[in-house]
Amino acid sequence: MLTLETLVPTVASGSFVWAWLLIALPLGSAALLLVAGKAANAWGHWLAVLAPLASFALALVYFIDLLGRPTAERSVRDQVYSWITTGGWDFSLALQLDPLSLLFLLLVTGVGSLIHIYSLGYMAHDPNRRRFFAYLNLFIAAMLILVLADDYLVLFVGWEGVGLASYLLISFWQERPSAAAAGKKAFIVNRVGDLGLLLAIFTCLAMFGSTKFTVVNAGVGQVSSGWAAFLGFMLLLAACGKSAQVPLQTWLLDAMEGPTPVSALIHAATMVTAGVYLVVRSGAVYAQAPSAQLAVAIVGTVTLLVGAWIGCAKDDIKKVLAGSTMSQIGYMMLAAGIGPAGYAFAIFHLLTHGFFKANMFLGAGSIMHATDGDVDMRHYGGLAKVMRITFVTFAAGYLAIIGLPFFSGAYSKDHIIEAAWEQQPVLGALALLGAGVTAFYMTRLMLMTFFGHKRWREGVKPHESPAVMWGPLVLLALGSAGLGMVLNGWIGRWLEPIGAEAPAHASWLPDFSNWLSFAVLGVVAVGVVIAWLVFGRRPVPDQPPQQVSPLTTIGRHDLYVDQAYVSGIAGGTYALGNGLARFDDRGLDKAVDGLGLGAQGAGWLARRWQNGYVRSYGLTMLIGLLAVGVVLILTQLV
Amino acid sequence: MIELLPLLSGQAVTFWICAVIAIVGAVGVVASSKPVYSALCLALVMVALAAIYASLQADFLFAVQIIVYTGAVLMLFLFVIMLVGVSSRDHLAETLKGHRVAAIVAAVALVALLALATGNALTDQPVGLDAIEADGYLQALAQLIFQRYVIAFEATAALLITAAVAAMVLAHPKRLRPKPGQAALMGERLAAYAASGRHPGPLPASGVTAQHNSLATPALLPDGAVALQSVSATVASRMPPASPDELIGPLAATLAAMNQPAALPPGPSSTASPPGESGEPPDTLDETEIVTPDSPAEAEAVTPDSPDEAETVMDTPDGAEAVTADESASGAEAVNSADSTDEADTKDEADTTDKADTKGEAGTKTPVADPAAGEGGQP
Amino acid sequence: MNPDLYLVLAAILFTVGLVGFIIRRNALILFMSTELMLNAANLVLVSSSWVQGKLDGQVAAFFVMVVAAAEVVVGLSLIVTIFRARRSTSVDSESLLKG
């Protein structure tokens, strides 16, 4: 059995002692921007762009360094400082650079840098640009803490940090009530997942006395399977929260209220994949808990279908992409849930998805930039001619996500479907179905946006975005197109040390030795054709048609999950709160009032003695004197 | 102890008599509706107790009981009773429901309890104080008070002082408004003068003369009118309307007698002649005007040679007194000064008199006018 | 002569004074009743002095008188003050002072 930690981390030396700069640079930049205030308005965004770029450069150095090492030495632990030492517990802030975290490092800093650059153009006219970049840097720093931690507790710090950054950025345009509400919703729903992670941490502390990955991975084999399953389910809950998996998926669609670069960076490329990272990181736990592992796979499968379903029904381009994100992360979770065989594919798909989804989101941002912020695809149409670069780059992302051979998505997604088919044929079949649906809704998006007749609103004159925006688009499009070929033959081996199984097929050429590859292609083709039949052949209605199938209606309402939560959980909470309030009003308050009234009544009775008449007091004294005398005499008699 | 009867000592007789008196008095204290009766009944009780003290060989306390208690404390009570109203009568009806019944029941119970408790307390035969009295009762008492109990004695001294101060503080009424100062009083007077013309200065003194050394004698104004304000209002209301002649007559006679160098003994008959000489009514000061210049000795006094004297004249507020002065030198001087300026001031005087008449307050106006005249006549 | 008789007389006087204190409303009478009770106590002291053949009881009675005098002085001035303010010496009118 392979566990994640077959590598013994070596102590950081050489350039690795500067690993803390990876985090410190964006964090310091964020702090400086927030503290400096208006003084940094003029140059703050440049600094904010430089910080992740510097981190990316440093990450590249480390990547090359590790690449040159023997496989067994590709794990470095850099102790930054001892954080908490209490009793038997010892938490230190240490950075762990191993193949898995380095991939994330590159993804976060690389895509993050591109999105920073893109934001230079996208947010050029926003009055709060400095604040936006500060939050972006804060997010980068928190995400790096998350992926570099060698300890669940430190990971939790980054976990909460990205939650905070996500909240701040979703509700960045806080003057919009919908944005503020979306931020709150994301934060609250994430808290549910955080509860799972907290419980997992507590469990680790109770069972192993430490939250270090190494200790937990080594110790999880010794505990009962029940505890291992509990740990697995709690980690799954955490992953569901952060990665918008069923049943905690509801926040992601609303999170599109944030600026589009945020949607691209946080809610597509990086943060939402933290759940996948967590599950892969905790592979040793899931190895001991098959039930939890199966649950991960099921959750992934359900989510990939749900996300695809929602993506089919939405007219808002960003929400379609958000549904697509849920769906793609569902694929990753499915991969992570089928065990070591899928870890490499999960990460592979995560990387490729990070590129092509960031690419498409930024493309969507570019379109919105051109259409004065309109997000309704029914108001687009025919944009391919006026926005050439955006169209081409978006098309690269589109081809990647539907899995056209030679494009990156094809490699990673095919692998997942194949692996799922081998492990759980039912899930594999559903994943195959999902690929078809993905092809359908993405084609729909492309047709509605770039083709057909113009349905632009009055006064909207679409135009190509500035170079600072399409530059990153081009880079991301290159990644979307070529990353699969580049990584396909390499990532399996690279990730082998952390417990992933190397895929059987590992060449840059698409694999057509398997009938499943043809099946996938066939399903995708069917999806594309249906989409073309529905949306490409006929003009797209300007208003969303009301006479639609129940499936569409349900999809448009996000499967009524929000309503269910509101009426179920929120309603129940309200009812409970009201009940408690009523109990407080009528029970506790009345009881307290009763006590007060009782004391008042007793006082009223006692007050009648205190009538203020000296003579009465004299009589009372006389009676008291008599009592004392009687007692004295009686005691004498006895 | 005198054995009155074989079985009855003097002490026992005293006890039984005084006990009855004391109890009756005590009940009287409690039951009287008038506080005065209560106080007197208390005096009775105390005197009876004093007698019992005497029979118990407590001679000192006997005296103290009579002098301090009955004499001082009870008199204090009586003072306060008089202060708050001797005629007040208490309502004996009880206002608190069941209070009196409860009090009586409790009192009976207390008596029973005390009797039960004390009935057998002193079973020893009394020792008596004969032995101490033999060595000197007062000496023994003084030794106790001033030696053994001297600290307590001093403490009671402090207590009494404190009580006296407390009584003064408590009984002293609070001044409700600040005491008016001289300036304020003067302001009031002048305000009254401005409003009603009331004379702001003191009232004229009464005209005490040789014949009438009574305060009921009104003063005379410079024009010879009677100043009624110089006597008490009560007297003025009762007094028969005095005629100026009646008042000035004796003085004028005296002065005339003094001015006659031949006739040494001034007789009442000579008083009539000066008016005849002047040919004017004798009741005016013009009389003296004629008389004075005749005497050179008087002339010295008439014209004051120093301004100081003139000042003195002016300062003297009682012009009326000066006018009706008797044989005293200052009086004569004042009169003469008025005389010497008469010609010049006739008009002034007439004005003053007019004013006084119109206002009906000749007496008050004159003192102002007269010194002014005196000053004006001073060259 | 049974000395207990003095105690009984003192008890009766004391009780009468106590009753007066309790049932009368006039502050002056209340004070007189208090004096009555003090005198009853004095009687006990003096008679005890006689019974015991010691003068300490008389000294104690003397002190009681002094204290009583002081008490009367203060008490009466209080009554005068109250009377001046309220035109009444009834202690019942002071029941307004109750809490």
Side-chain angles (χ1 to χ4, degrees), chain B residues 9 11-12 15 19 22-23 26-27 29-30 35 38-39 42 45-46 49 52-53 56-58 60-61 64 68-69 73 76-77 80-81 83-84 90 95 100 103-104 107 110-111 114-115 118-119 121-122 126-129 131-132 140-141 144-145 149 152 156 159-160 163-164 166-167 170-171, chain C residues 1 3-9 11-20 22-26 28-29 31-33 35-36 39 42-43 46-56 58-59 61-63 65-74 76-81 83-84 89-90 92:
Chain B
S9 65
Q11 193 188 24
F15 175 78
I23 291 173
V27 172
V29 170
V30 172
S38 290
L42 187 59
V45 174
M46 287 181 173
L49 284 178
I52 290 178
Y53 292 170
L56 285 171
Q57 295 176 297
F60 176 65
L61 284 182
V64 171
V68 173
Y69 243 134
V73 172
L76 200 55
F77 267 108
V80 175
I81 288 167
L83 200 62
V84 304
D90 288 358
T95 50
R100 185 168 289 176
I104 303 275
L110 182 67
V111 169
L114 290 177
T118 63
L122 300 175
V127 176
L129 294 166
I132 290 174
L141 198 65
L144 276 181
I145 290 177
Y149 296 115
T156 54
L159 178 69
L160 281 173
L170 284 171
Chain C
M1 178 76 210
D4 287 346
L5 286 175
Y6 291 102
L7 299 184
V8 172
L9 173 62
I12 290 170
L13 289 179
F14 185 88
T15 309
V16 171
L18 195 55
V19 168
I22 291 173
I23 66 174
R24 293 303 298 263
R25 288 190 295 274
N26 190 331
L28 285 163
I29 308 285
F31 257 94
M32 290 182 208
S33 301
E35 294 300 316
L36 207 53
N39 272 290
N42 272 355
L43 180 59
V46 174
S47 62
S48 303
S49 163
W50 174 68
V51 168
Q52 311 247 334
K54 288 178 183 168
L55 282 178
D56 299 63
Q58 292 191 16
V59 175
F62 169 69
F63 283 130
M65 284 181 190
V66 175
V67 174
E71 170 236 325
V72 164
V73 167
V74 177
L76 287 180
S77 49
L78 277 174
I79 288 173
V80 168
T81 309
F83 178 76
R84 196 182 284 139
T89 54
S90 168
D92 280 6

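We use all heavy atoms of the structure for the numbers below, so side chains are in, but hydrogens, waters and symmetry mates are not. Residue numbers begin at 1 in each chain, while the letters A, B, ... track the order of the sequences.
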- From the list C:N39, C:I29, C:V67, C:N42, the residue making the most non-hydrogen contacts under 4.5 Å with chain B is C:N39
- Per-residue tally against chain B (heavy atom, under 4.5 Å) across C:L18, C:V66, C:V19 peaks at C:V66
- Task: First locate atom OH of B:Y53, then atom OG of C:S47, and finally report the distance between them rounded to the nearest 0.5 Å.
- Result: 9.0 Å
- Item | Region of B:L76 in contact with chain C, defined by heavy-atom distances below 4.5 Å | both
- Item | Donor + acceptor pair across side chains of B:Y69, C:E35 (<3.5 Å) | yes
- Task: Count the heavy-atom pairs under 4.5 Å between each of B:A140, B:A58, B:A22 and chain C, then report the option with the highest count.
- Result: B:A58
- Note on the structure: Shortest non-hydrogen pair, B:I81 vs C:M32, comes out as CD1-CE, 3.6 Å
- Item | Minimum-distance pair of heavy atoms, taken over all atoms of C:S49 and C:Q58 | OG-CG, 3.4 Å
- Query: What residue, out of B:A131, B:S38, B:A166, has the most heavy-atom pairs lying under 4.5 Å from chain C?
  - Reply: B:S38
- Item | Pairs of heavy atoms under 4.5 Å with chain B: top-ranked of C:D56, C:V16, C:L13 | C:D56
- Item | Which atoms of C:L28 approach chain B - backbone, side chain, both or neither, heavy atom under 4.5 Å | both
- What is the minimum heavy-atom distance between C:V51 and C:P3, and which atoms define it? CG2-CB, 3.4 Å
- So, the part of C:I22 with a heavy atom under 4.5 Å from chain B: the answer is both
- Item | Top contributor to chain C contacts, counting heavy-atom pairs under 4.5 Å, from B:I52, B:V45, B:L141, B:V27 | B:L141
- Might you work through the side-chain contact (heavy atoms from CB on, under 4.5 Å) test for C:Y6 and B:L56, ending with a clear yes or no? CA-CA 10 Å; C:Y6 291 102; B:L56 285 171; 3.6 Å; yes
- Which one of C:I12, C:T81, C:L76 has the most heavy-atom pairs closer than 4.5 Å to chain B? C:L76
- Query: Residues in side-chain hydrogen bond (donor to acceptor under 3.5 Å, both in side chains) with C:N26, at least two apart?
  - Reply: B:D90, C:T89
- Item | When C:V80, C:I79, C:L43, C:L78 are compared by non-hydrogen pairs under 4.5 Å with chain B, the top option | C:L43
- Item | Residue list, ring pair (Phe, Tyr, Trp, His ring centres under 6.0 Å) with C:F31, at least two apart or on another chain | none
- Grab the two heavy atoms, one from C:V73 and one from B:A167, that are nearest each other, plus how far apart they are. CG1-CB, 3.3 Å
- Task: Name the option with the most non-hydrogen atom pairs under 4.5 Å to chain C; the candidates are B:V29, B:I145, B:I132.
- Result: B:I132
- List the atom of B:A103, the atom of C:I23, and the distance in Å for their closest heavy-atom pair. CB-CG2, 3.7 Å
- Heavy-atom distance under 4.5 Å to chain B: side chain of C:F62, backbone, both or neither? both
- Counting heavy-atom pairs under 4.5 Å to chain C, which of B:V73, B:V64, B:V68, B:L61 comes out on top? B:L61
- Message: For C:F83 versus B:L83, what's the shortest heavy-atom pair and its separation?
- Response: CE2-O, 4.1 Å
- Checking heavy atoms, do the side chain of C:V74, its backbone, both or neither come under 4.5 Å from chain B? both
- Message: If I measure from the heavy atoms of chain C, does B:L49 come under 4.5 Å with its side chain, its backbone, both, or neither?
- Response: side chain
- Side chain / backbone / both / neither for C:L9 at chain B, heavy atoms under 4.5 Å: side chain
